[in-house]
Structures are given as structure tokens and as C-alpha cells.
Amino acid sequence: MAKYVLNLAHLYGDLLNTYGDVGNILELQYYAKQMDTEIQTTVISTENDFHADDFDLAFFGGGQDYEQVIVSKDIQNKKAEIQKFIEADKPMLAICGGYQLLGHYYLSAQGKKIPGIGVLNHYTLNQNNNRFIGDITIKSEDTGEVYHGFENHNGMTFLGDGEKPLGTVVSGNGNNDQDNSEGAIYKQTYCSYFHGPVLTRNGLLAKRMILKALHNKYPDVDFTTQEQYEVQPTF
């Protein structure tokens, strides 16, 4: 039996799972197990309230425009608690559609403006008859870590005040193919267009999220053993 337990909220997991990004939760569970920790997952969907104090981690995936419009309408009711979760320095991973909906708005492929909740300061435009598709490599300016992934998105996201990119594009397109950025970081919220899922090839990011959640929940515990766990390359 695991010594520690973390509770994870899977935001709209029944709707936003088009690209198989639910695999990020499997990866979090795998790495947590290596660190003597169990992750218990709860799907928070349109019929559920979200209470920030109930969770230690969160995952917000992506989907097609139809599902994202449904989520866009409902998530306005969850804005205050999502913002509370983020400002409490709790780790969240948001991919593609989830990334877009945390920002102010995004334009659908048809040009319709879909409101986000504006808890992060980015916005997303669309492209005419084009998508960014293919392998991508970025480098984190903070840690020096190199992340590998696969992007597939019509959106062009531009970061705002308080945000910094997950990494600088080494190869690929990134947020918008203009400013060499990919993804976004604000506090412990990590956003990205990496599908695949991202944590399958970038276990160091999973480890960082788990360690932060453990320190938040168990502030008096010495996690030296968990910090020394070596993530093996998977790319």
C-alpha cells in the first residue's frame, strides 16, 4: 500500500479525451507509484461542482470544437474554484483545448469566438486551412530540460502578462510559429499543445508535478527519497 495519497481532478474527462491525452493521468499514476504515492482520480464534468480544496492535482485535456463549446459554457460556473486551485500553487496540466479554455478566448476553426475563463492571460486565434502538425522539441529556459512531443492544432496562442512559455521551440511550430514559444507556465500550471501524451516522453515534468503536490499536502514530511528518484529517458 502506498504511503502517500494524492487526489487528482480530471476536468471534463468524459468530454475532452479525443487525442488520448488521458494517458497523462496514467503516467502520473506510474511515476507516483515509483515514489510510494497513490493517485486517486475523480472526473469533474458538467453535472459536477469543482472544489479546489478537495484536490492536489488537476488535468484538463482537449477535444474537438463541439465538445469544447459545451465545456466553455459550463466552465464559467467553475471559474472561481479553478482560479483558487491555481493560485494555491497546486499543479495542473492543461493540454490543447484545456490550455485554450484557461485563457480569455479562442477562435474555432470556423472563426467563432469561444470564451474561456481568463484565469490565465493568453488568447488563441485560428488559422485558415492550416494546422501545425508534427514532431516538436522545446527547451525550458528555467531548467534547461529538453521536452519532446507531437503537436496537432489549428489554434495560434499568444501569451499574456504573468505567463512564460513551457519552453523555447528548437524544432516545430509551437504556440503560434511566430515568437518561438510553446505552451505556458503560470505558478504550477503547465499548458502545452503536446499530444501523445506529453508525460509519456517527459517524465521529469510528471515528477515535478507530483513532488510539488506532495510538498503542498504533506509540508512536514522529508521527501528526499522521492526527490532522488531518477526518471529514465523515454524518447
Side-chain angles (χ1 to χ4, degrees), residues 11 16-28 30-31 58-65 67-68 91-103 105-109 116 120-160 162-210 231-235:
L11 298 173
L16 301 181
N17 54 18
T18 303
Y19 301 103
D21 293 316
V22 68
N24 286 306
I25 294 177
L26 299 178
E27 291 301 312
L28 285 169
Y30 169 79
Y31 286 112
F59 174 66
F60 194 178
Q64 298 179 348
D65 283 346
E67 290 83 6
Q68 284 186 224
M92 175 186 290
L93 177 63
I95 301 297
C96 200
Y99 174 14
Q100 295 170 351
L101 288 169
L102 290 179
Y105 65 87
Y106 80 93
L107 296 185
S108 72
L120 300 183
N121 278 322
H122 54 266
Y123 63 92
T124 302
L125 306 180
N126 63 350
Q127 302 181 70
N128 291 323
N129 300 315
N130 187 54
R131 295 182 70 84
F132 295 144
I133 302 174
D135 291 328
I136 178 170
T137 302
I138 64 174
K139 183 175 182 179
S140 167
E141 297 301 319
D142 288 342
T143 67
E145 294 170 2
V146 176
Y147 300 142
H148 301 265
F150 184 86
E151 59 183 344
N152 182 355
H153 56 105
N154 171 264
M156 298 178 62
T157 296
F158 296 86
L159 304 185
E163 295 181 292
K164 55 187 177 182
L166 179 64
T168 300
V169 175
V170 176
S171 63
N173 295 287
N175 282 331
N176 51 56
D177 198 29
Q178 296 180 24
D179 59 21
N180 236 30
S181 70
E182 202 293 317
I185 301 175
Y186 173 75
K187 290 184 176 288
Q188 297 298 315
T189 296
Y190 300 91
C191 303
S192 180
Y193 278 113
F194 281 24
H195 292 298
V198 58
L199 298 183
T200 302
R201 302 176 72 182
N202 304 285
L204 289 173
L205 182 56
K207 177 184 174 183
R208 182 174 297 110
M209 293 178 64
I210 294 163
V231 174
Q232 299 302 314
T234 55
F235 53 85

Open item on the list: Checking side-chain polar atoms at under 3.5 Å, does His195 have a donor or acceptor matched by the opposite partner on Asp21?
Closed with: yes

Task: Donor-acceptor pair between Asn154 and Tyr106 side chains, under 3.5 angstrom - done: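 No, because no side-chain N or O of Asn154 sits under 3.5 Å from a partner of the opposite role on Tyr106.
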
Min side-chain heavy-atom separation [X]-[Y] under 4.5 Å:
X: Ile25; Y: Tyr30; value: no
X: Asn175; Y: Tyr99; value: yes
X: Asn24; Y: Ile95; value: yes
X: Leu93; Y: Val198; value: yes

Spell out, as yes or no, whether a donor-acceptor pair under 3.5 Å connects the side chain of [X] to the backbone of [Y].
X: Asn202; Y: His148; answer: yes
X: Gln100; Y: Gly116; answer: no
X: Glu27; Y: Gly203; answer: no

Applying side chain to side chain donor-acceptor pair (under 3.5 Å), name anything that partners [X], two or more places apart in sequence or on another chain.
X: Glu145; result: Tyr147, Arg208
X: Tyr123; result: none
X: Tyr31; result: none
X: Thr124; result: Thr157

Task: More than 12 heavy atoms of other groups within 6.0 Å of Asn128 CG - done: no

- [ ] Step through the shown structure and confirm whether more than 12 heavy atoms of other residues, nucleotides or ligands are within 6.0 Å of NZ on Lys139.
- [x]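 Atom NZ in Lys139 is not packed in, count stays at 12 or less.
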
- [ ] Name all residues meeting the salt bridge (charged side-chain N to carboxylate O under 4.0 Å, His left out) criterion together with Lys164; count only those two or more places apart in sequence or in a different chain, and write none if there are none.
- [x] Asp142

Task: Distance in Å, Phe158 CZ paired with Ser181 OG, rounded so as to fall on 0.5 Å steps - done: 8.5 Å

Task: Gap between atom SG of Cys96 and atom CD of Gln64 - 0.5 Å precision - done: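 Interatomic distance, Gln64 CD to Cys96 SG, rounded to 0.5 Å: 10.5 Å.
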
- [ ] Run the ring-centre check on Phe132 versus His153 and record whether the distance is less than 6.0 Å.
- [x]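 Yes, the ring centres sit under 6.0 Å apart.
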
Task: Residues which pass side-chain contact (heavy atoms from CB on, under 4.5 Å) with Ser171, listed by chain and number, not counting sequence neighbours - done: Thr137

Open item on the list: Restricting to non-hydrogen atoms, name the atom on Ile133 and the atom on Asn173 that form the minimum distance, rounded to 0.1 Å.
Closed with: N-ND2, 4.5 Å

